[in-house]
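Notes follow once the structure below has been shown.
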Amino acid sequence: MHQIRKLIAQTMTKGQRQRCRQPVIQNKKKCLSTINTVELPPQRPEKTTRSSEVFIPKGIMGQLTCHTHPHLITEDCLTGGVTQAEYVARREKLVSKLVAEVNNPHKTHIIVIPAASKQYMSEKIPYVFRQNSDFFYLTGCLEASAILVMVKPAQIDTYKSVLFVHDKDEHAELWEGPRTGCPNATLLFAVDEARPIDNFGTYLNRLASTSKPATLWYHNESPANYDIHDTVRATLKRDGLVTLADPQRTLHLMRVAKSPAEVELMKETCYIGSQSMNIAMAYTKPGVSEHMINAILEYSSKQGGAEHLSFPPVVAGGTRATHIHYVNNNQLLRDGDMILVDSGCQRWLYNSDISRTWPVSGKFTKHQRILYELVLAVQKRLIEILGEHRPPLDQLFDSMCRLLGKHLQQEGILPKNIEGQELIGKAYRLCPHHVSHYLGLDVHDSSLVRRNVPVCDNMVVTVEPGIYIRSDDTSVPEEFRGIGIRIEDDVLVTSGEPEVLTSSCVKEVDDIENIVGKHNF
């Protein structure tokens, strides 16, 4: 691994080398969160660590803490880099925004945000658990099937937060591991009250019956936990005094702009993903399988500090790269072909998403290089446009089509006698996917935030132009057929120039040729 890092460092600029020398996960003395302190009730000192921001109970909880995993969570943080205070502030902000949307002081607001439930691939064989992003954003809780309920009574300025969790159970914990339990959950997650999950239905029914008129805020479409879906729906009585509303769009509008703590987490996951891509390049040679490159991406990401990959990666050699979401990854790489890789990793549920294309042999052919440098020039210009004009992502897509069309004409790949919408249409045919999406807790983050709104500070977006020319596409000169190229970086929008969070992942032609195939298995 030392040899690979040395190899990677040789291909980078001085600034990039300085970043690479830093450990991916630094043992920082303080949390990354900068949200104002939220005062919590004092607890017995022998059971807690008290600071100006948080109270983290000692002992074994249902998830890792700064006491049990100090190598992963800095002191006084609830999750990696994020304090209890920030999670409390997010809940307060959501309640305030939802109340303002209804603007009726005589209504009670009942907000129900479920955690994800366990999913099974076959009898008794679970998938790796992945928490519901909205629930995690508001609580920092990693336990399955928990439920957050926030109640804002009519004509009262304050709200109450109640977290439903699995209670302590010696037999269940023997099989599944420790649970936090209700007494510790109140303290660990900084909520007003914690109750057993089994009491949720009774609690919600009583609350809805005594709080009319009320708005029940619950994401009714594609619910995170079907086990409680009917229970929640049953509170909507025929008298119409409890009405349903969806909090998810408001939540996504909050999530799309990252806090300082989230920006640091995004930098970490993007750095890890970038290095895993560089390592995959170093191991690429003719005869190596796509499956092996896939394995290298996963191993190096986990070795760097990620929990797992963000999604099943695309590892597409040769003409398979013209299939945008090819994920079979089961063919051998051939000399003379290129390989397109789209991968990313997840750290503390925050995701990176990176695409690179490189020659299997370590050297671009003439026509491969023409197409690659064309896509690279378009991508660099799009990142500049992102900073200069801060356009909506849909407008950035239009810019990509125009730029691709212009460059393809200049190289004689598209006819020079077409222009306007016809030229844009032909460029779109060669790159039929969007050029950008929001990135964060989900790979396609904050999906209810439309891509027709201008980007703003602290958004993280991808910039990913591509070209996909099928082998049987007779409208393109033969020497360019059967080639697929995508170059994707993760970009932080700032008040100044955009910051490319994946800048340590090499993409210049000379840098790629200096790294590909330089390491043996």
Practice task
Please test Leu340 against Tyr326 for side chain to side chain contact (heavy atoms under 4.5 Å, CB included), starting from the C-alpha separation and ending with a verdict.
Solution key: CA-CA 10 Å; Leu340 187 159; Tyr326 167 87; over 6 Å; no
Exercise for the section: Show the numbers, then the answer: is there a ring pair (Phe, Tyr, Trp, His ring centres under 6.0 Å) between His69 and His71? Expected result: CA-CA 5 Å; His69 293 72; His71 58 295; 5.6 Å; yes
Practice task
Would you please test Lys97 and Glu101 for salt bridge (charged side-chain N to carboxylate O under 4.0 Å, His left out) and show each step?
Solution key: CA-CA 6 Å; Lys97 285 181 172 293; Glu101 285 185 27; over 6 Å; no
Practice task
Please assess Asp353 against Phe311 for the test side chain to side chain contact (heavy atoms under 4.5 Å, CB included), listing each intermediate value before the final yes or no.
Solution key: CA-CA 9 Å; Asp353 185 4; Phe311 49 86; 3.4 Å; yes
Practice task
Report the C-alpha separation of Tyr226 and Ser117 in whole Å, then their side-chain angles, then the decisive distance to 0.1 Å, and conclude whether the side chain to side chain contact (heavy atoms under 4.5 Å, CB included) test is met.
Solution key: CA-CA 8 Å; Tyr226 280 97; Ser117 59; over 6 Å; no
Practice task
Take Ser301 and Gln303 through the test side chain to side chain donor-acceptor pair (under 3.5 Å) and record every step on the way to the result.
Solution key: CA-CA 5 Å; Ser301 292; Gln303 187 271 342; over 6 Å; no
Practice task
Apply side chain to side chain donor-acceptor pair (under 3.5 Å) to Asn329 and His291, showing your working.
Solution key: CA-CA 5 Å; Asn329 304 345; His291 182 74; over 6 Å; no
Exercise for the section: Show the numbers, then the answer: is there a side chain to side chain donor-acceptor pair (under 3.5 Å) between Asp442 and Ser133? Expected result: CA-CA 7 Å; Asp442 293 313; Ser133 296; 2.8 Å; yes
Handout entry: From CA spacing to verdict: side chain to side chain contact (heavy atoms under 4.5 Å, CB included), Asp246, Asn220
Key = CA-CA 7 Å; Asp246 195 334; Asn220 189 53; 5.9 Å; no
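In this structure, Asp134 contributes its side chain and Gln248 its backbone to no donor-acceptor pair below 3.5 Å. Judged by distance alone, the side chain of Lys518 and the main-chain N or O of Glu513 form a donor-acceptor pair under 3.5 Å. Looking at Asn294, its side chain never comes within 3.5 Å of a backbone N or O of Val315 through a donor-acceptor pair. Between the side chain of Glu290 and the backbone N or O of Gln331, at least one donor-acceptor pair lies under 3.5 Å. Although no hydrogens or angles enter the test, the distance criterion places no donor-acceptor pair under 3.5 Å between the side chain of Thr269 and the main chain of Leu265. A donor-acceptor pair under 3.5 Å is absent between the side-chain atoms of Arg130 and the main chain of Ala116, judged by distance alone. Arg255 places no side-chain N or O within donor-acceptor distance of the main-chain N or O of Asp445, the cut-off being under 3.5 Å. Remark: the backbone N or O of Asn452 is not paired with any side-chain donor or acceptor of Gln395 at under 3.5 angstrom. Judged purely by atom type and a 3.5 angstrom limit, Arg481 uses its side chain to pair as donor or acceptor with the backbone of Val476. Under a 3.5 Å cut-off, the side chain of Ser310 and the backbone N or O of Ser352 do form a donor-acceptor pair.
Rounded to the nearest 0.5 angstrom, Cys141 SG and Ile113 CD1 are separated by 13.5 Å. Atoms CG and NZ, from Leu423 and Lys416 in turn, are 11.5 Å apart once rounded to the nearest 0.5 Å. Rounding to the nearest 0.5 angstrom, the gap separating the NE2 atom in His407 from the CG atom in Leu404 is 8.0 Å. Between the CG atom in Leu492 and the SG atom in Cys270 there is a gap of 9.5 Å [rounded to 0.5 Å]. Taking CG of Leu396 as the reference point, atom NE2 of His389 lies at 10.5 Å (rounded to 0.5 Å). Note that the CG atom of Asp473 and the OH atom of Tyr468 stand 15.0 Å from one another [nearest 0.5 Å].
The neighbour count for Glu419 CD, taken as heavy atoms of other residues, nucleotides or ligands under 6.0 Å away, does not exceed 12. More than 12 heavy atoms of other residues, nucleotides or ligands shown are found within 6.0 angstrom of CZ on Arg390. Applying the 6.0 Å contact sphere to CD of Gln421 captures no more than 12 heavy atoms from other residues, nucleotides or ligands. More than 12 heavy atoms of other residues, nucleotides or ligands shown are found within 6.0 angstrom of NZ on Lys285. Counting non-hydrogen atoms of other residues, nucleotides and ligands closer than 6.0 Å to CZ of Arg249 gives a total of 12 or fewer.
Ion pair Lys366/Glu479 not flagged as a salt bridge, since none of the NZ, NE, NH1 or NH2 atoms sits closer than 4.0 Å to an Asp/Glu carboxylate oxygen. Electrostatic pairing of Glu86 and Lys93 does not count as a salt bridge here, judged by no charged N lying under 4.0 Å from a carboxylate O. We find that Arg356 and Asp489 are joined by a salt bridge, their nearest charged nitrogen and carboxylate oxygen being less than 4.0 Å apart. The pair Lys380-Glu384 does not meet the salt-bridge criterion, since no charged nitrogen lies less than 4.0 angstrom from a carboxylate oxygen.
Between Phe521 and Tyr283, the two ring planes are tilted [angle within 30° to 60°]. In this pair, His437 and His444 present their aromatic rings parallel. The plane angle is below 30°, not in the 30 to 60° band.
Between Asn351 and Met266, the shortest heavy-atom distance links the atoms O-CE, 3.1 Å. Listed here is the closest heavy atom pair of Tyr350 and Glu262: OH-OE2, 2.6 Å. Across every non-hydrogen atom of Pro313 and Leu297, the tightest pair is CB-CD1, 4.2 Å. Of all heavy-atom pairs between Gln409 and Asn417, the closest is NE2-N, 4.4 Å. Here the closest non-hydrogen pair linking Leu332 and Gly287 is CD2-O, 3.6 Å. Closest approach of Ile485 and Gln368 over heavy atoms only: CD1-O, 4.3 Å.
In this structure, the side chains of Met281 and Ile339 stay at 4.5 Å or more apart for every pair of heavy atoms. A heavy-atom distance below 4.5 Å is not found between the side chains of Trp358 and Val506. Taking the side chain as every heavy atom from C-beta outward, His252 and Tyr438 never approach each other to under 4.5 Å. Inter-residue side-chain proximity for Phe364 and Val516 is flagged as unmet; no heavy-atom pair is nearer than 4.5 Å. With a 4.5 Å cut-off on side-chain heavy atoms, Trp217 and Leu251 do not count as touching. Put simply, the side chain of Pro359 does not reach to within 4.5 Å of the side chain of Tyr372, judged on heavy atoms. In this structure the side chain of Val493 never reaches within 4.5 angstrom of the side chain of Pro498, judged on heavy atoms. Side-chain contact between Leu333 and Pro286 is absent, with no heavy-atom pair separated by less than 4.5 Å.
Remark: Arg90 is positioned above the aromatic ring of Tyr87, its terminal NZ or CZ atom under 6.0 angstrom from the ring centre and at most 45 degrees off the axis.
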